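Note that ligands are numbered from 1 as they come in the structure, with each ligand's atoms numbered from 1 the same way. Computed from a predicted structure; not experimentally measured.
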Amino acid sequence: LAAARDGDRAALARLISVIERGGQPARDVGRLTYPLGGRAYTVGVTGAPGAGKSTLTSHLIRSRRGLGSEVSVLAIDPSSPFTGGAILGDRVRMQDHALDRGVFIRSMATRGHLGGLALATPEAVRALDAVGFEWVLIETVGVGQVEVEVAGAADTTVVVVNPGWGDAVQASKAGLLEIADVFVINKADRPGVQEARRDLEHMLDMAGLLNADGATGGGERWRPPIVPAVAARGEGIDDVWAAIDAHRRHLETSGELDRRRQRRMIEELRAIVVARLLEQARMAGRGERFDDLRRRVFERDLDPYAAADEILGWLDPAAAQ
Ligand SMILES: Nc1nc2c(ncn2[C@@H]2O[C@H](COP(=O)(O)OP(=O)(O)OP(=O)(O)O)[C@@H](O)[C@H]2O)c(=O)[nH]1
Ligand SMILES: [Mg+2]
């Protein structure tokens, strides 16, 4: 950690590997990085496979580097057959920054980490925060619930869609509409941009009507802006940053940033507790004692709730994991 804070990028990469692998060493890293953080601002970039997230991210990096900020990127790899090539693709598209020491790009997969990506990602973000990155961009493919959750756990979430029939509807089905703070219609060099914009506006109107009783905690409600871009040509990048910056100002002036971060913290705490209980239950669910229980439930000697009570009784709250 000390080396990483001194700017040693290889040390930082190793630190993130430790977090990825999980277990006690990851927890030690977390204990050390946590008090050092709190300054980084996180931006999630998500969307369907191939929407142009990496291309956009690469330009977002370049643009913010132009202002002198240090930028890091976590590219989350859900390791699904869908996106098998994602890591390689990201490496290729982002190699422009390979020689820039103000940029750190890292792909992350979930391996040993208890709770998987949902828990490993905030831990990795805290490591990047602790070594002093002002910006942490998190690229995830919005395919599954966990990936959508990971992207939505950023301070500002950018959802990338493409022009063309139904992409907005697909985004909505994937749960991306709920987490979007900014929409980017990327590949705006293709036909259908106006239709995509209209679909998104329409869906935002509907969502606004559904929440009309306004449990917003006061203040102006944020309506996600819709920004066209041609990432492949670097067009629209300033507009995307302007939208992100505006959203950040909105969160900061309304007090919503702190509320969001608190909600996230509670969510994470809950997830840690659940993951640890599951792990303990998994351990308890082995051996003769469990076989016996299973047999009794199967023979209707014991109902499932009573069996669950019994299993909970086996768990050892003090067993640190
Ligand atoms: N026509 C056009 N193509 C683009 C644009 N932006 C990106 N692409 C192309 O779209 C393809 C996918 O781009 P990526 O940036 O890898 O997309 P991604 O969303 O990161 O993809 P995954 O991480 O695999 O989900 C590449 O061939 C890009 O060159 C654009 O604005 N217009
Ligand atoms: Mg990508």
Side-chain angles (χ1 to χ4, degrees), residues 42-64 71-98 103-110 117 121 124 135-152 154 156-168 170-177 179-180 182-197 200 226-244:
T42 53
V43 179
V45 178
T46 190
K53 301 175 294 295
S54 299
T55 313
L56 178 70
T57 300
S58 183
H59 282 282
L60 290 174
I61 295 171
R62 177 168 308 121
S63 157
R64 209 57 7 159
V71 185
S72 58
V73 177
L74 284 178
I76 304 301
D77 174 25
S79 309
S80 77
F82 244 141
T83 52
I87 292 186
L88 188 61
D90 290 338
R91 288 262 162 80
V92 171
R93 267 178 276 293
M94 297 205 190
Q95 72 188 358
D96 298 10
H97 305 288
V103 176
F104 179 83
I105 298 169
R106 173 61 193 247
S107 293
M108 232 174 68
T110 168
L117 273 182
T121 306
W135 296 93
V136 181
L137 311 184
I138 307 166
E139 179 189 332
T140 66
V141 186
V143 284
Q145 200 197 339
V146 172
E147 290 79 45
V148 169
E149 270 169 28
V150 166
T156 295
T157 302
V158 177
V159 170
V160 182
V161 299
N162 295 146
W165 257 117
D167 204 37
Q170 290 307 324
S172 153
K173 277 193 193 145
L176 296 176
L177 212 60
I179 61 163
V182 172
F183 284 104
V184 173
I185 305 181
N186 189 44
K187 308 196 185 184
D189 51 328
R190 293 188 178 169
V193 178
Q194 286 322 313
E195 290 84 342
R197 178 189 284 278
L200 286 174
I226 300 169
V227 185
V230 185
R233 297 203 297 252
E235 291 171 22
I237 306 304
D238 289 346
D239 299 332
V240 176
W241 266 123
I244 294 169

> Taking the Mg ion (ligand 2) as the reference point, name the nearest N/O/S atom of Glu139.
OE2
> So is Gly47 touching ligand 1 or not, going by heavy atoms under 4.0 Å?
no
> So if I count the atoms of ligand 1 from 1 in the order they appear, which ones are less than 4.0 Å from some heavy atom of Glu139?
20 (O), 23 (O)
> Please name all residues satisfying salt bridge (Lys or Arg N to Asp or Glu O under 4.0 Å) with Arg62, sequence neighbours left out, ordered by chain then number.
Asp96
> What atoms in ligand 1 come closer than 4.0 Å to a heavy atom of Ser54?
15 (O), 18 (P), 20 (O)
> Compare every heavy atom of Lys187 with every heavy atom of Pro163, then report the nearest pair and how far apart it is.
CG-O, 3.2 Å
> List for me each residue that meets side-chain hydrogen bond (donor to acceptor under 3.5 Å, both in side chains) alongside Arg64, sequence neighbours excluded, and say none if there are none.
Asp245
> For ligand 1, which is the ligand I care about here, please tell me if Gly52 has any N or O atom under 3.5 Å from one of the ligand's N or O atoms.
yes
> Rounded to the nearest 0.5 Å, what's the gap from CG on Asn186 to OG1 on Thr55? Could you check?
7.0 Å
> What distance separates Ile61 CD1 from Ser54 OG, expressed to the nearest 0.5 Å?
9.5 Å
> Please determine if the Mg ion (ligand 2) has an N/O/S atom from Ser54 lying under 2.8 Å away.
yes
> Show the nearest heavy-atom pair for residues Gly44 and Ala154, with the distance to one decimal.
N-CB, 3.2 Å
> One residue to check: Arg190. Relative to ligand 1, which of side chain, backbone, both or neither has a non-hydrogen atom less than 4.0 Å away?
side chain
> Who gets closest to atom 5 (C) of ligand 1 by heavy atom: Ala51, Gly234, Pro163, Ala232?
Ala232
> Between Pro49 and ligand 1, does any nitrogen or oxygen pair lie at a separation below 3.5 Å?
no
> For ligand 1, which part of Asp189 has a heavy atom less than 4.0 Å away: the side chain, the backbone, both, or neither?
side chain
> Give the atom numbers and elements of ligand 1 that come within less than 4.0 Å of a heavy atom of Val141.
25 (O)
> Can you tell if the side chain of Thr46 reaches within under 4.5 Å of the side chain of Ile179, non-hydrogen atoms only?
yes
> Quick one: which of Leu74, Thr157, Ile76 gives a side-chain contact (heavy atoms from CB on, under 4.5 Å) with Thr140?
Ile76
> Counting only heavy atoms closer than 4.0 Å, does ligand 1 sit against the backbone of Thr55, its side chain, both, or neither?
both
